[in-house]
Amino acid sequence: MIRFCSTSAKPFHSDHYSRLVSLIDSCKSMQQIKQTHAQLITTTALISHPVSANKLLKLAACASLSYAHKLFDQIPQPDLFIYNTMIKAHSLSPHSCHNSLVVFHSLTQDSGLSPNRYSFVFAFSACGNGLGVQEGEQVRSHAVKMGLENNVFVVNALIGIAGLESKQNNDASILHLK
């Protein structure tokens, strides 16, 4: 089981935090990511500094999305940036686009945080990368409720979803013609 806090956590020191951030930045393999994660378990650095959690999460997502998701699940109170990191990471993988919307749903329903324009763009990306128009419409409805329907980032993402819908409708029309 992956844990982010320990009952035997050592006191936090800024020098230690700097060293851990350097360790995270120098990770080149999954083995090094896991070793750095183990270092973070024995300190309060990860809990005290979401930046270090996000750095490790981004690195882990490049190496193993399932490991990154396990890390994410163990962060006691992820901030919006950490949520967006996971939404984006899942949206880029054609095999886990659905998980992108699971994390987006957790952000909107369970976290007490409000999604921002990036959250929506990454969720729309998941819809365009494998989920489809229906899911995109659900995300669009939420963006409208949040007052982001005129945000340039959200509008551009919506154009991509509209293109997907047009392509799907065109493909269906072609099938009916044959």
Count the heavy atoms of every other residue, nucleotide or ligand shown that sit under 6.0 Å from CD of Q77, and state whether that count exceeds 12.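 Counting other residues, nucleotides and ligands, CD of Q77 stays at 12 neighbours or fewer.
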
Identify the residue among V103, V102, L57 that makes a side chain to side chain contact (heavy atoms under 4.5 Å, CB included) with H69.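 It is V103; the other options fail the test.
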
Check the pair C127 / L101 against side chain to side chain contact (heavy atoms under 4.5 Å, CB included), numbers first and verdict last. CA-CA 8 Å; C127 296; L101 290 189; 4.1 Å; yes

Just how far is it from atom [atom1] of [X] to atom [atom2] of [Y], taken to the nearest 0.5 Å?
X	Y	atom1	atom2	value
L65	M86	CG	CE	5.5 Å
I75	I82	CD1	CD1	4.0 Å
N156	F124	CG	CZ	11.0 Å

For the student: nearest non-hydrogen atoms of P78 and L113, plus distance: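 Here P78 and L113 meet closest at O-CD1, 3.5 Å.
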
Worked verdict on K88 versus L92 for side chain to side chain contact (heavy atoms under 4.5 Å, CB included): CA-CA 6 Å; K88 180 180 181 182; L92 296 173; 4.2 Å; yes

According to side chain to side chain donor-acceptor pair (under 3.5 Å), who are the partners of [X], at least two apart in sequence or on a separate chain?
X	value
N116	N84, S119
R140	E137
S141	none

State, with a plain yes or no, whether a side-chain heavy atom of S106 is found less than 4.5 Å away from one of Y83.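 They are in contact (side-chain heavy atoms under 4.5 Å apart), so the answer is yes.
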
F122 and L80: same hydrophobic cluster, using ILVMFWY side-chain contacts below 4.5 Å?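 Same cluster.
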
Can you name the residues that form a side-chain contact (heavy atoms from CB on, under 4.5 Å) with S66, not counting sequence neighbours?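 For S66, the residues satisfying side-chain contact (heavy atoms from CB on, under 4.5 Å) (neighbours in sequence not counted) are S64.
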
Please list, chain by chain and in numerical order, all residues satisfying ring pair (Phe, Tyr, Trp, His ring centres under 6.0 Å) with F120, sequence neighbours excluded.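 Scan of F120 (ring pair (Phe, Tyr, Trp, His ring centres under 6.0 Å), adjacent residues dropped) gives F104, H142.
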
Validation: residues 143-153 side-chain donor-acceptor distances under 3.5 Å, sequence neighbours left out:
from, atom 1, to, atom 2, distance (Å)
N151, OD1, F153, N, 2.9
N151, OD1, V154, N, 3.3

